[in-house]
Amino acid sequence: MSNFSRFMKQNQVVKENTTYAATKSLVDDEGKPLEWEIKPVTTRENDAIIDECTYEVPITGKPNMYRMKMNQMKYRAKLICASVVSPNLHNKELLDSYGVMDPTDLIREMISDVGEYNKFFDFINEYNNLVPFQEEVDEAKN
């Protein structure tokens, strides 16, 4: 096999899905937290989420000048939703049971504990090898 052929798609290692108990408030018959199935988010999917969550803000004192700003809370919810395979966050019956119409609202209802929500987001970030930019800056300084 030539070095070039090693770059072909069929040689790409695919990351397996994993499971995570996102909240202690949803349990099985034995009282154990339910495991959620999580998939890796692709670069293309992440870029689309970033695009959806980014908007222009006028720069004060500079007409027709703008800077980009990201809605971090929207990004967090959309990244979580993009990662969750099971439960199906688009299932109408599940959405209706929580009285919401959007998966990003559903995820906030299903994981209503702020600490659990933040831990779940951190888990998804780590699983997808997404390190916050500030951590990279801090690491480079050391």
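Everything numeric in this text was worked out from a predicted model, so none of it was measured.
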query: Shared ILVMFWY cluster between Val84 and Met73, side chains joined below 4.5 angstrom?
result: no
task: Enter the distance from Leu89:CG to Ile80:CD1 here, rounded to the nearest 0.5 Å.
output: 9.5 Å
query: Between Gly115 and Asp113, which heavy-atom pair has the shortest distance, and what is it?
result: N-OD1, 3.0 Å
- line: Minimal heavy-atom distance between Asp28 and Leu34, with the atoms involved, is N-CD2, 3.7 Å
Inter-residue atom distance Arg76.CZ - Lys74.NZ, 0.5 Å rounding: 15.5 Å
Please report, to 0.1 Å, the donor-acceptor pairs under 3.5 Å made by any side chain of residues 49-61, with sequence neighbours excluded.
residue, atom, partner, partner atom, Å
Glu52, OE1, Lys78, NZ, 3.0
Thr54, OG1, Ile50, O, 2.6

query: Out of curiosity, does Phe121 fall in the hydrophobic cluster containing Leu130 (side-chain heavy atoms, cut-off under 4.5 Å, transitive links)?
result: yes
Non-hydrogen atoms of Thr23 and Met110 that approach each other most closely: CG2-O, 3.8 Å
- prompt: So, Asn11 side chain and Ser5 main chain: donor-acceptor pair closer than 3.5 Å or not?
  reply: yes
message: Apply side chain to side chain contact (heavy atoms under 4.5 Å, CB included) to residues Lys32 and Val27 and explain how you reach the verdict.
response: CA-CA 5 Å; Lys32 295 179 184 173; Val27 296; 5.9 Å; no
message: If we check side chain to side chain contact (heavy atoms under 4.5 Å, CB included) with Ile38, which of these qualifies: Asn128, Thr18, Val85?
response: Thr18
Carboxylate-amine/guanidinium contact Lys39 Glu45, below 4.0 Å: yes
statement: The reported gap from CD1 in Ile107 to CD in Glu109 (rounded to nearest 0.5 angstrom) is 11.0 Å
All ring-ring contact (aromatic ring centres under 6.0 Å, His included) counterparts of Tyr20, not counting sequence neighbours: Phe120, Phe123
Side-chain donor-acceptor pairs under 3.5 Å in residues 95-104, sequence neighbours left out?
residue, atom, partner, partner atom, Å
Asp96, OD2, Lys92, NZ, 2.9
Ser97, OG, Leu94, O, 2.8
Asp102, OD2, Thr104, N, 2.9
Asp102, OD2, Thr104, OG1, 2.1

task: Determine whether Asn46 and Tyr75 make a side-chain contact, defined as any pair of heavy atoms from C-beta on separated by less than 4.5 Å.
output: yes
query: Mind checking whether Asn17 and Pro40 have side chains closer than 4.5 Å, heavy atoms only?
result: yes
Thr19 vs Glu37, side-chain hydrogen bond (donor to acceptor under 3.5 Å, both in side chains): CA-CA, chis, key distance, verdict: CA-CA 5 Å; Thr19 58; Glu37 183 180 356; over 6 Å; no
- request: List the steps, then state whether salt bridge (charged side-chain N to carboxylate O under 4.0 Å, His left out) holds for Asp47 with Arg44.
  value: CA-CA 5 Å; Asp47 288 348; Arg44 189 178 305 268; over 6 Å; no
field: Sidechain N-carboxylate O distance under 4.0 Å for Asp122, Lys119
entry: no
task: Taking the side chain as every heavy atom from C-beta outward, state whether Trp36 and Ser86 have any atom pair closer than 4.5 Å.
output: no
- request: Please round to the nearest 0.5 Å and tell me the distance separating atom SG of Cys81 and atom NE2 of His90.
  value: 6.5 Å
